[in-house]
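Here the structure is a predicted model, which is why all the values come from computation and not from measurement. Atoms considered below: every heavy atom in the structure, side chains included; atoms not considered: hydrogens, waters and symmetry mates.
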Amino acid sequence: MAYDKFNVLTSTAVPLPIENVDTDQIIPARFLKATERTGFGDNLFRDWRYHPDNSPKEHFVLNNPIYSGKILVGGKNFGSGSSREHAAWAIYDYGFRCVVSSFFADIFRNNCLNIGVLPVQVSAAFLQKIFEAIEASPKAQITVDLPSQTITINDTGASESFEINDYKKDNMLNGYDDIDYLLSMKGEIENFAKDMPL
Amino acid sequence: MSSKKTLFDKVWDAHVVRKIENGPDVLFIDRHLVHEVTSPVAFLGLKNRKSKVLYPDRTFATADHNTPTRNQHLPVKDPLSANQLKALEQNAAEHGIPYWGLGHEKNGIVHVIGPENGITLPGATIVCGDSHTSTHGAFGAIAFGIGTSEVEMVLSSQCIMQPKAKKMRITIDGSLNKAVTPKDVALYIISQLSTSGATGYFVEYAGEVFRNMSMEGRMTVCNLSIEMGARGGMIAPDEKTFAYIKGREYTPKGAAWDTAMEYWKTLRTDDDAVFDKEVVFNGTEIEPMITYGTNPGMGIGISLGIPKAEALEGGVATYKKSLEYMNFHEGDAMLGKKIDFVFLGSCTNGRIEDFRAFAEIVKGRKKADHVTAWLVPGSHRVEEAIKEEGILDILEEAGFELREPGCSACLAMNDDKIPAGKYAVSTSNRNFEGRQGPGARTLLASPLVAAAAAVTGKVTDPRELLQLEIA
């Protein structure tokens with residue numbers, strides 16, 4: 001499925017300064033029973049966000065109205081564990097378009113790129129600056145500029161560049177996806193397959 | 001730069017259809033395993049594009065993640081689970097994919113039935129929408145978990161697009177001590193490297209410890225590669241590998257077997273090949289392991305105490321949050337902690353060897369009264385073997401019952417949920433918050449440690465029960 005284009009995003013951000021946030025926290029397994037990819041945002045961080053009786057846990061950041069925005073900022077090793085793409089869907093469905101961390105788990109990073117959520121990996125020091133900026137002002141604006149591959153804290157002007165390969169960058173900028181690419185080279189794949197034993 | 005290749009290089013390079021400059025490789029996938037939870041949206045995508053499965057004969061489907069482990073002959077009660085199972089059955093039928101659903105003799109956990117049926121082969125590329133696909137690396141395959149978008153890619157094109165991972169070799173020599181199992185080796189490695197220590201890498205396991213391991217043990221180790229962040233893990237195929245796969249349904253036969261064997265024998269890392277990272281451990285230093293926290297890297301030798309926060313490099317707040325969830329304290333001894341549940345099973349430890357190990361401890365003993373034990377074979381084949389080998393009798397004599405195959409309490413998508421606040425010693429792979437049920441507290445360990453806990457009702461060193469000298 002082709003997805004939204006991503007170019008320059010300026011937004012407030014939601015801080016989640018916890019390390020090793022695994023995909024079971026992002027979306028617990030019991031909510032993986034849908035056969036379509038919509039609606040997962042309601043259960044994003046379900047068990048951190050709600051008590052067992054479904055009342056909100058006041059102290060969790062998503063329940064704190066002073067924080068909002070399209071950027072989620074997480075601690076080191078974000079998205080570890082299960083390969084469930086539902087984690088990326090939940091983040092997207094909730095309204096985030098970008099996740100920032102000082103380190104991402106591989107499969108989660110891939111899943112984000114494949115559905116149009118931009119994972120931005122920054123240095124530990126810069127991550128700390130972002131957390132401090134949001135703490136100082138929850139309305140602090142962050143700018144994620146994909147064409148120039150930079151992330152900037154608008155108030156202070158502090159900025160850092162981030163990595164993304166040219167192919168994925170082009171996909172994100174244009175809303176292309178890998179399946180279109182693969183289907184366009186089907187003949188080449190079929191030729192290759194002839195030499196691959198079953 | 002050396003032209004010598006690692007095992008990983010050899011298999012990866014043989015599957016690259018196209019290299020994209022400054023981008024990913026287009027990688028051909030030999031065999032694709034599909035289950036009910038991560039595939040429906042991929043099939044939906046296929047439908048929306050009016051596309052079809054390119055190679056149904058390279059695709060295999062089973063039901064395992066959300067299935068009940070009791071009364072599998074009855075309709076699945078949970079309507080959402082039933083709906084997913086029905087969707088997979090219909091999708092498989094529509095696209096001509098073999099489907100081994102509930103009740104089928106080949107049904108079981110996807111990473112248990114792949115090897116059992118010879119779907120898993122040396123030198124193959126194998127993917128599945130499940131992170132523990134790394135299991136199949138035990139046979140010298142490149143095997144890793146993918147997301148649902150990638151499942152759709154493989155269904156429609158038999159390829160995925162990923163940059164080649166960096167290469168890490170983990171070498172462990174020295175003999176393992178008694179009661180130290182492959183699970184302990186894996187938990188030890190993860191405790192040393194952390195849950196992100198191998199992120200970005202594909203791991204090759206080398207050395208005496210892995211050479212001496214059974215295929216089942218190698219599967220357990222490769223299975224847990226993802227828990228240190230690795231894309232996957234693999235072990236060079238050897239005579240044990242070939243003996244295991246020979247004659248299974250989907251392995252090559254006759255002349256094709258001979259041709260394959262010639263190739264498979266070349267699948268080893270060249271002597272001078274260079275890895276991006278080399279890690280070496282000493283096998284004699286590993287003792288039975290147990291986890292005390294909320295990620296698989298938080299593991300210690302069972303005789304040790306929970307580390308103090310000040311001994312850590314950073315992450316103190318996260319560490320304290322984790323201990324708070326477990327209701328454990330820094331410095332606590334693990335031995336003697338009371339437990340409520342025991343779970344034997346999963347793609348990590350749901351094979352016949354794991355049931356043999358469990359039975360070795362519980363034989364002639366009784367399950368502790370306050371312990372609820374869920375013993376879930378990885379497949380019907382495993383279930384059959386448990387019966388044939390007389391293990392079921394030992395288990396029943398000791399007060400245990402055997403359930404039907406599936407992922408079960410490993411991720412608690414079905415009814416097998418550990419209640420909030422309860423402690424479970426589990427042979428599965430993840431002790432994340434709520435993984436085994438909302439509020440559940442998981443201690444990961446080997447089948448031996450799980451058995452020792454099941455009969456004593458507390459965390460117990462299995463060496464005590466086996467009357468082995470504790471080094």
Side-chain angles (χ1 to χ4, degrees), chain A residues 1 17-20 22-25 28-30 32-37 46-48 52 75-77 80-89 103-108 110-112 114-115 124 165-168 170 177-183 185-186 188-193 196-198, chain B residues 17-18 20 22-24 26 28 30 37-38 40-41 44-45 48-49 51 54-55 57-58 66 80-81 83-84 87 129-131 145-150 152-153 156-159 161-163 195-196 199-200 229 231 252 256 260 295 315 318 321 411-413 420 430 432-435 438-439:
Chain A
M1 179 170 3
I18 298 170
E19 295 177 6
N20 305 317
D22 59 75
T23 53
D24 275 82
Q25 306 319 312
R30 62 187 190 280
L32 306 184
K33 293 183 180 178
T35 51
E36 294 180 358
R37 62 181 262 183
R46 179 78 201 193
D47 294 334
W48 286 355
K76 186 176 76 177
N77 196 26
S80 57
S82 157
S83 63
R84 60 189 69 165
E85 195 167 297
H86 312 65
W89 298 340
F103 200 81
F104 287 98
D106 272 343
I107 305 179
F108 176 79
N110 264 339
N111 287 343
C112 284
N114 282 336
I115 68 155
N165 72 50
D166 290 350
Y167 168 82
K168 276 292 178 194
D170 195 47
D177 72 14
D178 286 354
I179 301 177
D180 293 332
Y181 186 97
L182 290 168
L183 291 175
M185 57 179 285
K186 203 166 148 192
E188 191 179 339
I189 293 169
E190 284 172 330
N191 267 334
F192 188 92
M196 303 307 282
L198 261 187
Chain B
V17 182
R18 186 191 280 184
I20 299 171
N22 228 328
V26 176
F28 187 81
D30 290 311
V37 173
T38 57
V41 172
L44 198 62
N48 290 340
R49 286 175 203 262
S51 188
L54 186 59
Y55 294 112
D57 48 358
R58 293 180 180 274
N66 72 24
L80 293 174
S81 295
N83 189 40
Q84 275 189 333
D130 185 280
S131 59
I146 56 177
T148 296
S149 295
E150 291 170 308
E152 186 183 340
M153 289 176 213
S156 59
S157 73
Q158 207 59 35
C159 288
M161 302 180 73
Q162 284 201 6
T195 53
S196 57
T199 303
R231 281 304 269 147
N295 72 56
T318 300
K321 179 177 182 297
L411 81 169
M413 276 194 80
R430 291 188 174 133
F432 297 151
E433 286 183 32
R435 169 82 177 183

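Listed by chain and residue number, nothing satisfies the side-chain hydrogen bond (donor to acceptor under 3.5 Å, both in side chains) test with B:Asp57 (two or more places apart in sequence, or in another chain). Checked against ring pair (Phe, Tyr, Trp, His ring centres under 6.0 Å), A:Phe192 has the following partners two or more places apart in sequence or in another chain: B:Phe28.
Proximity to chain A is limited to the side chain of B:Leu44, based on heavy atoms less than 4.5 angstrom apart. For A:Asn110, the part lying near chain B is the side chain, with the backbone staying farther off; criterion is any non-hydrogen pair under 4.5 Å. For chain B, the nearby parts of A:Glu188 are the backbone and the side chain; heavy atoms of each come within less than 4.5 Å. Of the two parts of B:Ile146, only the backbone, made up of N, CA, C and O, holds a non-hydrogen atom closer than 4.5 Å to a non-hydrogen atom of chain A. For B:Arg430, the part sitting under 4.5 Å from any heavy atom of chain A is the side chain, from C-beta outward, and nothing else.
Inter-residue side-chain proximity for B:Arg18 and A:Tyr181 is flagged as met; some heavy-atom pair is nearer than 4.5 Å. You'll find the side chain of A:Leu182 reaches within 4.5 Å of the side chain of B:Val26, heavy atoms only. With contacts defined as side-chain heavy-atom distances shorter than 4.5 Å, the pair B:Glu150/A:Asn111 qualifies. Residues A:Met196 and B:Arg58 meet the side-chain proximity criterion, which asks for heavy atoms closer than 4.5 Å. Looking at heavy atoms from C-beta onward, A:Ile18 lies in side-chain contact with B:Lys321 at the 4.5 angstrom threshold. Residues A:Tyr167 and B:Asn22 fail the side-chain proximity criterion, which asks for heavy atoms closer than 4.5 Å. Within the 4.5 Å cutoff, the side chain of A:Ile115 has heavy atoms near those of the B:Ser149 side chain. Looking only at side-chain heavy atoms (C-beta outward), A:Asn165 and B:Pro24 come within less than 4.5 Å of each other.
Not one N or O on the side chain of B:Gln158 forms a donor-acceptor pair closer than 3.5 Å with the backbone of A:Ala193. Looking only at distances, a side-chain donor or acceptor of B:Thr318 sits under 3.5 Å from a matching main-chain atom of A:Glu19. Judged purely by atom type and a 3.5 angstrom limit, A:Lys33 has no side-chain atom pairing as donor or acceptor with the backbone of B:Asn66. Checked by atom type and distance alone, the side chain of B:Gln84 pairs as donor or acceptor with a backbone atom of A:Ala34 at under 3.5 Å.
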Would A:Asn77 and B:Thr195 count as a side-chain hydrogen bond (donor to acceptor under 3.5 Å, both in side chains) if you check the C-alpha gap in whole Å, the side-chain angles of each, and the deciding distance to 0.1 Å?
-> CA-CA 8 Å; A:Asn77 196 26; B:Thr195 53; 3.2 Å; yes

side-chain contact (heavy atoms from CB on, under 4.5 Å) between B:Met413 and A:Leu32: does it pass, once the steps are laid out?
-> CA-CA 8 Å; B:Met413 276 194 80; A:Leu32 306 184; 3.9 Å; yes

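Here the CG-CZ distance, from A:Asp24 to B:Arg435, works out to 4.5 Å after rounding to the nearest 0.5 Å. The structure places CG of A:Asp106 at 11.0 Å from OG of B:Ser196, a figure rounded to the nearest 0.5 Å. Remark: A:Ser80 OG to B:Phe432 CZ distance equals 4.5 Å, nearest 0.5 Å. Here the OG1-CZ distance, from B:Thr199 to A:Phe104, works out to 12.0 Å after rounding to the nearest 0.5 Å.
Contacts with chain B were tallied for A:Lys76, A:Arg84, A:Glu190, A:Arg46; A:Glu190 has the most, counting heavy-atom pairs under 4.5 Å. Heavy-atom pairs under 4.5 Å with chain B peak, among A:Asp47, A:Asn20, A:Thr23, at A:Asn20. Most heavy-atom pairs under 4.5 Å with chain B, from the set A:Gly75, A:Pro28, A:Pro17, A:Gly81: that is A:Gly81. Of the residues considered (A:Lys168, A:Arg30, A:Lys186, A:Met185), A:Met185 shows the highest number of contacts with chain B, using heavy-atom pairs under 4.5 Å.
Of all heavy-atom pairs spanning A:Glu36 and B:Val41, the tightest one is C-CG2, 3.6 Å. Contact record, A:Ile107 with B:Gly145: CD1-O, 3.6 Å, taken as the closest heavy-atom pair. Taking both residues in full, the closest heavy atoms of A:Ser83 and B:Ser131 are given as OG-N, 3.3 Å, listed atom of the first, atom of the second, then distance. Among all heavy-atom pairs drawn from B:Ser156 and A:Ile179, the shortest one is OG-CG2, 3.9 Å. Here the closest heavy-atom approach between residue B:Asp30 and residue A:Pro197 is recorded as OD1-O, 4.2 Å.
Ion pair B:Arg49/A:Asp177 flagged as a salt bridge, since at least one NZ, NE, NH1 or NH2 atom sits closer than 4.0 Å to an Asp/Glu carboxylate oxygen.
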